[in-house]
Each structure stands twice: as C-alpha cells, then as structure tokens.
Amino acid sequence: MATENLTGLGAVEAFALVGALGVGAQWLAWRLKLPAIVLMLAAGLIVGPGLGVLDPEREFGALVQPLISLAVAVILFEGGLTLDLHKLGDARRGVTRLVLIGAPLGWFLSSAALHWGAGLGWEASAVFGGIMVVTGPTVIAPLLRQAKLQKRPANLLQWEAIVNDPVGALAAVLAFEFVLVGREAESFGSAIGQLAFGIFLATLVGVAAGAAISYTFRRAYVPEYMKVPVLFATLLVTFAFPNMMLHESGLLAVTVMGLIIANADLPSFEEMRRFKEHATVLLVSGVFILLASSLDFASLGHLTWRAGLFVALVILVARPLTVLVSLIGTGLPRNEKLLIALTGPRGVVLVAVAGLFGERLAANGVSDGAVVGPLAFVLVLTTVVLHGFTLAPLARALGLAAKGKPGVLILGGSRFTTALAEVLKREEVPVLIADPNHARLVRPRAAGLKVFYGDILGEAAEDSLEILSFETLIAATENDAYNTLVATDFGAEFGREQVWQLARVKGEQARHALPTQLGGRPFGAGKSFGELDDLMRQGWRIVATPLSEDYTFEQWKEERPGAHLLGRMSADGVFKRLLPEDAELLFPGRAEAALKDLPEDQRESAREALKRRRSELKLANARGRMGPGVKLVALSPPEPAS
C-alpha cells in the first residue's frame with residue numbers, strides 16, 4: 001500500500017527523479033551485468049506504488065499519456081532507422097514469414113489464450129490479442145546487446161519486434177472497430193473503410209516524410225546543425241497527423257519514415273542514428289519508470305489464478321506455435337527456431353496501448369476492459385524478468401551466442417600484429433586480423449590465424465563478420481589516418497575504452513595533435529607502426545608471462561628491464577591494455593626519463609604534475625592489477641646469445 005506522499009514533488013523534480021532512476025538503473029545493470037529492464041521496473045515500482053514518492057498522474061496530470069505516446073513514437077522511429085534492407089541478409093525470408101504469417105496467427109492464438117486462459121470475453125480478447133502481436137523493441141534491443149546473439153537470430157528478433165509493433169497496434173484498432181460495429185449503429189463497411197483509409201494515410205505520410213528528409217538532406221537544403229531539429233519536428237508531425245484520422249496509425253507512419261531514411265544511404269545517417277539511439281536510451285528509461293510507478297496495486301487485486309494460466313499459455317503455447325509454424329520451410333536451423341520461439345518479451349508499446357484500449361472498451365460497455373491493463377502489466381513484467389535472465393544462457397546452450405572469452409579484432413597484418421595474435425590465440429582468446437591489403441595477410445594466414453580481406457568499414461565486413469563476438473579493436477596498420485578513422489567509427493559501437501590504436505608518427509607534436517574524441521586509446525608502449533616493425537625485424541618477440549605468489553611483477557620487471565609491457569591477461573582470460581597512468585606508476589624511471597625530451601621550460605611543470613599523479617592509493621591499485629593469476633603480455637628484446 002502506498003504511503004502518503006510527503007515530498008511534494010513538482011513536475012520538474014518528478015522529471016529529474018524519472019531521469020535519474022532510469023539512467024541510474026541502466027548504469028547499475030551494466031555494472032552488475034543484469035537485465036536493465038528488470039531494474040527499471042523495480043525502481044518504478046519502489047518509488048511509485050511502493051513508497052508513493054512518484055505518482056505520474058498527480059505530478060504530470062493529463063500529460064502522462066501524450067508523453068508516453070510521443071516517447072513510443074520516437075522509439076519506433078529509431079527502430080525503423082535500424083531496418084536497413086541491405087543488412088537483412090539471409091534473415092529476409094524468416095522476417096517476412098514472422099510478419100505476414102506470424103502476426104495474424106499470433107493474434108488468433110493470443111486471443112484464444114485470453115479467452116480460455118484469462119476468461120475474457122471474445123470482444124476484449126480480440127482487441128487485447130491484437131496488441132499482443134508486438135514483442136517489444138524496447139526490451140529486445142538491450143537483451144540482444146547483453147546476450148550477444150549471432151547475427152541472423154538477432155536480426156530476426158529485432159526486425160520482428162520493430163515491424164510488428166505498429167502492426168499490433170493497428171490490429172487492436174481493427175478489433176476495436178469491430179466491437180463498435182457490434183454495439184453501435186455503424187455499418188461494417190464504414191468501419192473497414194475508415195481502417196483502410198487510416199492505414200493508407202499513415203503509410204503515405206511515412207513514405208512522404210522519409211522521402212522529404214532524404215531529399216532535403218542529400219541536396220544540402222538543411223544545414224548540418226539543423227538536421228536533428230528538423231528530423232525531430234518532422235517526426236512529431238508524421239506521428240500526430242495520421243493519429244487525427246485513425247488512433248495509433250501514427251506508429252505505423254513513424255516506423256515507415258524510419259525505414260525510408262534507413263535505406264536512403266544518407267552521408268549523415270550514422271550521426272543521426274547514434275543521436276536517436278542516445279535519445280531512445282533516455283526515453284525507454286523514462287517510459288518504464290513512468291509505467292511502473294503508475295501501477296495501482298489495487299487493480300491487480302481483480303486478477304485471479306487465471307491470469308497466471310494466461311501468461312503460461314502465451315509463453316509456452318501461443319508464442320512457440322506462432323514462430324514454429326511461421327518458420328516452416330525457411331531452412332533455418334532448429335536451434336535458431338527454438339531460440340526465437342522461446343523469446344517473446346513484451347514492452348512499452350503493449351502496456352501503453354493496452355491500457356488505452358482497456359479504458360475505451362470499459363467506456364463502451366465491455367466489462368472485461370477493466371482487467372486488460374493489469375493483465376498487460378503482468379504479462380510484461382513476467383516476460384521481461386523471464387527473458388531478461390534466460391536469453392543469454394539459452395543462447396549459449398543452443399550455440400547461438402559468442403563463445404568463450406571476448407574476442408580481439410586486429411586491424412592490420414604485420415610482424416607485430418601476427419606475433420600478438422599468436423600469443424592471444426595460445427591463451428584461447430578469439431582473434432581476427434583484418435586488412436584491406438591482401439599482401440599484408442600472407443604472414444598471419446601462414447601462421448594459421450583467422451583473417452578478413454577487405455575494408456573493415458565496408459558492407460562486406462558487416463555482412464560476413466560477427467562483430468558482436470569481438471569486444472576489443474586494435475587499429476595497427478601502417479596508415480595512421482586509416483587507423484584513426486576506424487578507431488573513431490568503432491568507438492561508438494565497442495566503447496571508446498575498448499578501441500586501441502598505435503602511436504601516430506609525429507602525433508606528440510602540437511602541430512599534428514588530434515582532439516581526444518578522434519582515434520583510439522594508446523596501445524603499443526607509445527611506439528608507431530614503423531618503430532614496432534623495426535623492433536620485430538631485430539628479433540624482438542611478444543611473450544605472455546604468468547605471475548604468481550612466487551613470481552611477482554617486481555621480479556618480472558627486474559629480469560626484463562628492456563621489455564615494453566603491452567597489456568595483461570586478467571584472471572578470467574580477458575586481454576586488457578596497459579593504461580598510460582599505470583605505466584607512469586609501474587615504471588617510474590621511464591616516466592622521469594621521458595621528461596628530458598620535453599622543452600626545458602616545460603619540464604618543471606610536467607614533473608610537478610607527475611608527482612601529483614603518483615599517490616599511494618593509485619600505486620596500490622596499479623600494483624593490484626598486476627597480482628597473482630595475471631599474465632603479462634610484453635614486447636621483449638631478443639635473448640642474448642649463450
């Protein structure tokens with residue numbers, strides 16, 4: 001039972017609380033490696049019905065539903081932006097089946113589960129069953145990111161979720177129109193005509209908006225700094241206008257708009273898509289907090305044991321049957337069909353649209369409409385928790401997730417990268433060397449290493465490589481500009497701390513220095529490609545040395561005074577680079593010697609800054625990262641002749 005609100009939250013404070021809880025839950029989920037959706041729902045339930053601190057109806061009033069509707073529209077548009085037809089590949093046939101066959105079949109089976117499981121009448125079952133066609137892109141996207149599925153099953157789940165979301169909303173509209181036909185004097189033909197016109201108008205508006213954005217952006221009619229505002233304004237109009245003719249048809253319009261832009265091959269597309277991804281993270285967080293905090297525990301009291309039966313029928317019967325029947329004859333392996341059949345989380349769209357239509361059904365005399373909202377929340381909560389904790393283990397059990405340790409993608413075939421890859425391979429770290437120069441791959445191929453010939457930024461690499469199986473990129477070609485380009489591009493996908501780059505020639509000079517947002521993190525002991533290649537020609541080699549209680553880092557450093565430490569293999573087998581701040585602490589003599597290369601007027605200030613960075617706590621942490629169980633990966637000079 002919610003306690004009395006003593007905080008007196010205003011709208012601004014409530015917005016701040018929603019943002020802090022949503023983003024905080026996502027960050028905590030990342031740190032703890034837990035499903036973010038679960039933590040967001042838990043946070044919303046605690047501050048809402050649990051403690052009574054946040055009540056969206058009280059704080060925001062009539063703005064709650066419009067805010068949620070606009071957020072869902074932006075989320076679906078961002079999903080449409082990911083629907084690049086060129087990237088669909090061998091999942092095209094399966095996606096088509098899941099949409100054309102799976103949507104109507106899922107509608108029927110979900111309605112049957114509602115009628116015979118939850119005990120709803122056929123009118124409410126038909127409306128709610130249409131909404132249940134959706135599988136929730138707001139839930140699928142973070143789950144896929146966490147589980148790291150292989151490309152084809154990930155594409156199938158993502159495309160099904162995004163395309164079927166507006167389809168499910170329109171199915172609910174269709175069923176609702178049928179209910180009104182049976183209860184009012186409207187003609188059946190009039191209802192069908194209105195529905196057809198709404199769908200046609202939404203599709204037309206979406207195509208026109210996407211084409212207009214593509215045309216004006218390509219012809220430079222919109223300046224670069226105004227592209228995102230123009231895109232947002234067009235998105236809002238595209239969503240609102242069709243809704244005036246047919247409720248929820250705006251969802252179809254914005255999805256189509258995103259699809260058109262995604263396939264227009266715009267030069268500025270990546271910047272727009274990444275901005276939309278960031279906006280979507282905030283919106284998904286906010287919407288889940290709002291929906292969870294809006295829940296009234298008293299409404300759940302109207303549910304009986306049949307609600308549990310309904311959820312079980314949906315998860316164990318309706319969803320598997322829908323997928324398995326739809327994918328007959330597609331040639332997909334059995335394990336992929338099984339994974340998709342057992343993965344059907346529901347999300348924001350289901351709760352938002354179900355609550356709206358539940359109220360409308362109740363207002364039109366359908367008594368079962370009052371329980372549609374609570375049933376929707378129970379279904380979402382159950383599927384989110386269930387799939388959030390089981391998708392990754394299920395994918396691993398079926399052989400459809402990245403296996404073993406996180407992989408390392410090395411850009412550039414050379415003596416240095418070949419030797420490094422051989423060491424990583426011996427440590428059972430998946431490694432791949434990619435190079436657009438075929439001749440550079442002769443050496444790694446001869447060493448039995450996996451290679452990719454082509455541009456890592458090209459579509460061929462995106463189609464043929466399982467990028468999600470790699471967690472780290474090392475840009476190490478002889479072309480510094482290309483290294484910087486690739487590292488900058490992959491920084492947003494891998495995370496900037498996991499994209500490393502060799503030192504650039506003259507990169508330390510002010511005239512040639514680059515902003516920190518360009519390129520990757522330093523790797524290779526400050527050596528450039530040419531310097532590393534020279535060392536390898538002189539007989540230097542890369543070795544991995546385990547540390548233990550009997551053989552410490554200090555002993556290793558004493559025995560190898562000339563070695564350049566590149567990184568370490570942690571106790572769990574993950575390759576991590578040597579951080580520059582750790583290098584200063586662990587090799588103080590080298591840090592002092594480097595000061596001599598500075599101009600005389602800069603040495604004293606640099607020396608003082610170095611002293612400030614050498615705290616006892618930082619030194620202890622750096623040494624702790626070099627404890628027993630760690631393997632040091634270093635570039636070592638040739639052994640002296642005996």
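- In this structure, Arg577 and Ile474 have side chains that are not in contact, with every pair of non-hydrogen atoms separated by 4.5 Å or more.
- Scanning both residues, Ile433 and Ala421, for their nearest heavy atoms gives CD1-CB, 3.8 Å.
- Heavy atoms only, all atoms of each residue included: Ala487 and Gly520 are closest at CB-N, 3.4 Å.
- Sorted by first and then second residue, the pairs that involve residues 429-450 and meet side chain to side chain donor-acceptor pair (under 3.5 Å), not counting sequence neighbours, are Arg440-Glu478.
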**Request:** Kindly indicate, with the supporting measurements, whether the criterion side chain to side chain contact (heavy atoms under 4.5 Å, CB included) is fulfilled by Thr477 and Leu502.
**Result:** CA-CA 8 Å; Thr477 71; Leu502 297 185; over 6 Å; no
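- Side chain of Lys425 to backbone of Gly448: a donor-acceptor contact under 3.5 angstrom is found.
- Atoms CG and CG, on Leu578 and Leu565 in that order, are 4.5 Å from each other to the nearest 0.5 Å.
- The one candidate from Val423, Leu424, Leu632 that meets the side-chain contact (heavy atoms from CB on, under 4.5 Å) condition with Met569 is Leu424.
- Looking at residues two or more places apart in sequence or on another chain, you find no side chain to side chain donor-acceptor pair (under 3.5 Å) involving Thr382.
- Summarising the geometry, atom CG belonging to Leu457 is positioned 5.0 Å from atom OH belonging to Tyr482; distances are rounded to the nearest 0.5 Å.
- Side-chain contact between Thr545 and Arg560 is present, with at least one heavy-atom pair separated by less than 4.5 Å.
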**Message:** Evaluate Leu420 against Phe523 for side chain to side chain contact (heavy atoms under 4.5 Å, CB included), listing each step before the verdict.
**Reply:** CA-CA 12 Å; Leu420 176 61; Phe523 178 75; 3.9 Å; yes
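- The residue from Ile456, Val408, Val486, Asp489 that alone fulfils the side-chain contact (heavy atoms from CB on, under 4.5 Å) condition with Leu473 is Val486.
- With rounding to the nearest 0.5 Å, the separation of CG in Asn621 from CE in Met626 is 12.0 Å.
- Counted within 6.0 Å of CZ on Arg623, heavy atoms from surrounding residues, nucleotides or ligands total 12 or fewer; the atom is thus considered open.
- Under a 3.5 Å cut-off, the side chain of Ser528 and the backbone N or O of Val505 do not form any donor-acceptor pair.
- Using a 30° and 60° split on the angle between ring planes, Trp556 and Phe553 fall in the parallel class, below 30°.
- The minimum heavy-atom distance between Ala503 and Asp480, with the atom names listed, is O-OD1, 4.1 Å.
- Using a 4.5 Å heavy-atom threshold, the side chains of Thr552 and Leu547 count as separate.
- Here Phe575 pairs with Trp500 under the ring pair (Phe, Tyr, Trp, His ring centres under 6.0 Å) rule; sequence neighbours left out.
- The minimum heavy-atom distance linking Thr484 with Gln501 is given by the pair OG1-NE2, 3.0 Å.
- Listed by first and then second residue, the ring-ring contact (aromatic ring centres under 6.0 Å, His included) pairs involving residues 528-551 are Trp540-His564 (not counting sequence neighbours).
- Residues forming a side chain to side chain donor-acceptor pair (under 3.5 Å) with Arg521 (at least two apart in sequence, or on another chain): Glu497.
- A 4.5 Å side-chain heavy-atom check between Arg334 and Lys337 finds every atom pair outside the cut-off.
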**Request:** Check the pair Phe416, Ile410 against side chain to side chain contact (heavy atoms under 4.5 Å, CB included), reporting the backbone distance first and the verdict last.
**Result:** CA-CA 11 Å; Phe416 170 74; Ile410 300 178; over 6 Å; no
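- Scanning all heavy atoms of the two residues, the minimum distance from Leu156 to Gly94 falls at CD2-C, 3.5 Å.
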**Request:** Take Met536 and Leu635 through the test side chain to side chain contact (heavy atoms under 4.5 Å, CB included) and record every step on the way to the result.
**Result:** CA-CA 9 Å; Met536 299 303 293; Leu635 181 63; 3.6 Å; yes
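- Distance check, rounded to the nearest 0.5 Å: CZ of Arg152 to CD1 of Ile340 gives 9.0 Å.
- Residue pairs meeting the salt bridge (Lys or Arg N to Asp or Glu O under 4.0 Å) criterion with at least one partner in residues 535-549, sequence neighbours excluded, are Asp533-Arg537, Arg541-Glu639.
- To the nearest 0.5 Å, atom CG of residue Asn479 and atom CG of residue Leu485 are 9.5 Å apart.
- The two atoms that bring Leu39 and Ala25 nearest to each other are CD1-O, 3.7 Å, heavy atoms only.
- Atom-to-atom distance recorded for Leu535:CG and Ser636:OG is 11.0 Å, nearest 0.5 angstrom.
- By the neighbour-count criterion of 12 heavy atoms within 6.0 Å, atom CD of Glu558 is sparsely surrounded, having that number or fewer from other residues, nucleotides or ligands.
- For the pair Thr488 (side chain) and Gly519 (backbone), a donor-acceptor distance under 3.5 Å is present.
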